[in-house]
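Please read the structure below before turning to the comments.
Positions are given from 1, in the same order as the sequence printed here. Side chains are part of it too, since the values below use all heavy atoms of this structure and drop only hydrogens, waters and symmetry mates. We count ligands from 1, going down the list as the structure has it; atoms in each ligand are counted the same way.
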Amino acid sequence: MEATTLIESFRVDGKVAVVTGAGSGIGRASALALAGAGAAVVCADINEETAAATAEQIVAAGGTGEGVALDVSVRGDVDALAERVLAERGGIHVWCNIAGIMVEGPFLEAREDDLDRILSVNLKGVFFGCQAAGRVMVTQAEGGSIINASSAAADAPSPNIVSYAICKAGVVQMTKSLAIEVGKKGVRVNAVAPGFVLTGMTGRYFVRPDGTVDEEMQEAVIGPMRKFTPLRKIGEPEDIAAAVLYLASDAARFMTGQVIRPNGGVAMV
Ligand code: NAP
């Protein structure tokens, strides 16, 4: 659809979007934002129930959403999802590789199986998603937009998350390299590199196994983060979803190979 005003160009009406990691946190907020702005959203997550819950919320709000179980580290499943969405919906215009995991611990004690696990989701999972989406998008007259989740951890090194950080740095380079290859086909590839955002991933520091919050621990974690951040706040998933929506939309039609950093100012690159 041709946007007639600048503000309309931020909408994504008529686009088909796939969001991985859509069952929780940033992926969920991104799926909701895209659907709210007019896209039909395929909500993919390793957790079938949470993926379905996000899709249900989209539908309840009057949008178009579908939940699917997907492990992004299984290449055949990622390819199959792209092929099915293309066959059923006639195209894929936006693909967000948001699914990710954290592995934490001192570098000198890091285990190979943990390294393999995080590489398979955070790096290979993004690779497979880019490839499956890119193959569809280069054949479409309208091209497409791929959005990958990097992290401020790729900009500002922190202790105990080296395997996570190398994945997120790899995502940045993958984004740029792919952007070069597919730009002439009208396919844009960009990344978001969030700062600290309250989600299931970061809640591991203070959410107890029964789901309750250890408020003292929460403040012990968040307090210094807030103080260290120029904007004196930590992020909410919607802060990142706003960047995802922009990159998905035609408002970002001249943006490719870029990293957008909604991070409160913790890293300025
Ligand atoms: P989150 O709340 O844990 O959401 C991640 C989602 O991905 C979860 O629903 C998770 O399912 C799912 N997932 C895990 N492994 C998967 C797989 N193999 N295939 C498909 N889905 C899988 O985390 P988040 O904070 O929203 O993180 C989203 C992305 O942003 C990640 O790539 C993360 O690295 C990045 N990021 C987050 C922050 C932050 O501060 N939160 C900062 C920078 C970057 P389960 O819950 O069932 O595992």
Within-shell test, [X] vs ligand 1, heavy atom, strictly < 4.0 Å:
| X | result |
| --- | --- |
| I98 | yes |
| K168 | yes |
| L70 | yes |
| G195 | yes |

For this session: Look only at the side chain of D250 and the backbone of S9, and say whether a donor-acceptor pair between them is shorter than 3.5 Å.
Result: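 Flag not set: sc D250 to bb S9 has no pair under 3.5 Å.
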Exercise. Is it true that a side-chain atom of R204 and a backbone atom of M201 form a donor plus acceptor pair closer than 3.5 Å?
Worked result: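 Checking the backbone N and O of M201 against the side chain of R204, a donor-acceptor pair under 3.5 Å is found.
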For this session: Determine, stepwise, if the pair Q218 / L198 fulfils side chain to side chain contact (heavy atoms under 4.5 Å, CB included).
Result: CA-CA 10 Å; Q218 182 176 24; L198 263 188; 4.1 Å; yes
Which residue and heavy atom of the protein sit nearest [atom], plus the separation:
| atom | result |
| --- | --- |
| atom 3 (O) of ligand 1 | M201 N, 3.5 Å |
| atom 11 (O) of ligand 1 | D45 OD1, 3.2 Å |
| atom 13 (N) of ligand 1 | I46 CG2, 3.8 Å |

Would you mind running through ligand 1 and noting each atom that sits below 4.0 Å from a heavy atom of [X]?
| X | answer |
| --- | --- |
| F196 | 40 (O) |
| G21 | 6 (C), 7 (O) |
| N47 | 47 (O) |
| T202 | 39 (C), 40 (O), 41 (N) |
| T199 | 2 (O), 23 (O), 24 (P), 25 (O), 26 (O), 41 (N) |
| A149 | 32 (O) |
| G200 | 2 (O) |
| A99 | 7 (O), 20 (C), 21 (N), 22 (C), 32 (O) |

Considering non-hydrogen atoms only, spot the tightest contact between [X] and [Y] and give its length.
| X | Y | result |
| --- | --- | --- |
| P224 | E219 | CD-O, 3.8 Å |
| R117 | S120 | O-OG, 2.8 Å |
| A243 | I260 | CB-CG2, 4.0 Å |
| G129 | N97 | CA-OD1, 3.4 Å |
| F128 | V72 | CD1-O, 3.4 Å |

Considering only distance and modelled atom types, tabulate donor-acceptor pairs under 3.5 Å from the side chains of residues 27-42, sequence neighbours left out.
unit_1 : atom_1 : unit_2 : atom_2 : d
R28    : NH2    : Q57    : OE1    : 2.6
S30    : OG     : I26    : O      : 2.7

Contact partition for [X] relative to ligand 1, non-hydrogen atoms under 4.0 Å:
| X | answer |
| --- | --- |
| S150 | backbone |
| I101 | side chain |
| D71 | both |

Problem set entry | Test item: V136 and W95 side chains (from C-beta on) under 4.5 Å apart, heavy atoms |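 No, side chains not in contact.
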Exercise. Under 3.5 Å, N or O to N or O, is V72 touching ligand 1 that way?
Worked result: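 Between V72 and ligand 1 (N or O atoms, distance only) the closest approach is under 3.5 Å.
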Problem set entry | Result of checking V171, I146, I98 against V126 for side chain to side chain contact (heavy atoms under 4.5 Å, CB included) |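 The single option meeting the side chain to side chain contact (heavy atoms under 4.5 Å, CB included) with V126 is V171.
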Exercise. Should the pair D210-R208 be classified as a salt bridge under the 4.0 Å nitrogen-to-oxygen rule?
Worked result: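 Salt bridge absent between D210 and R208.
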Exercise. Nearest heavy atom to atom 5 (C) of ligand 1: which of P262, G100, C96, A69 does it belong to?
Worked result: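 Ranked by closest heavy atom to atom 5 (C) of ligand 1, first place is G100.
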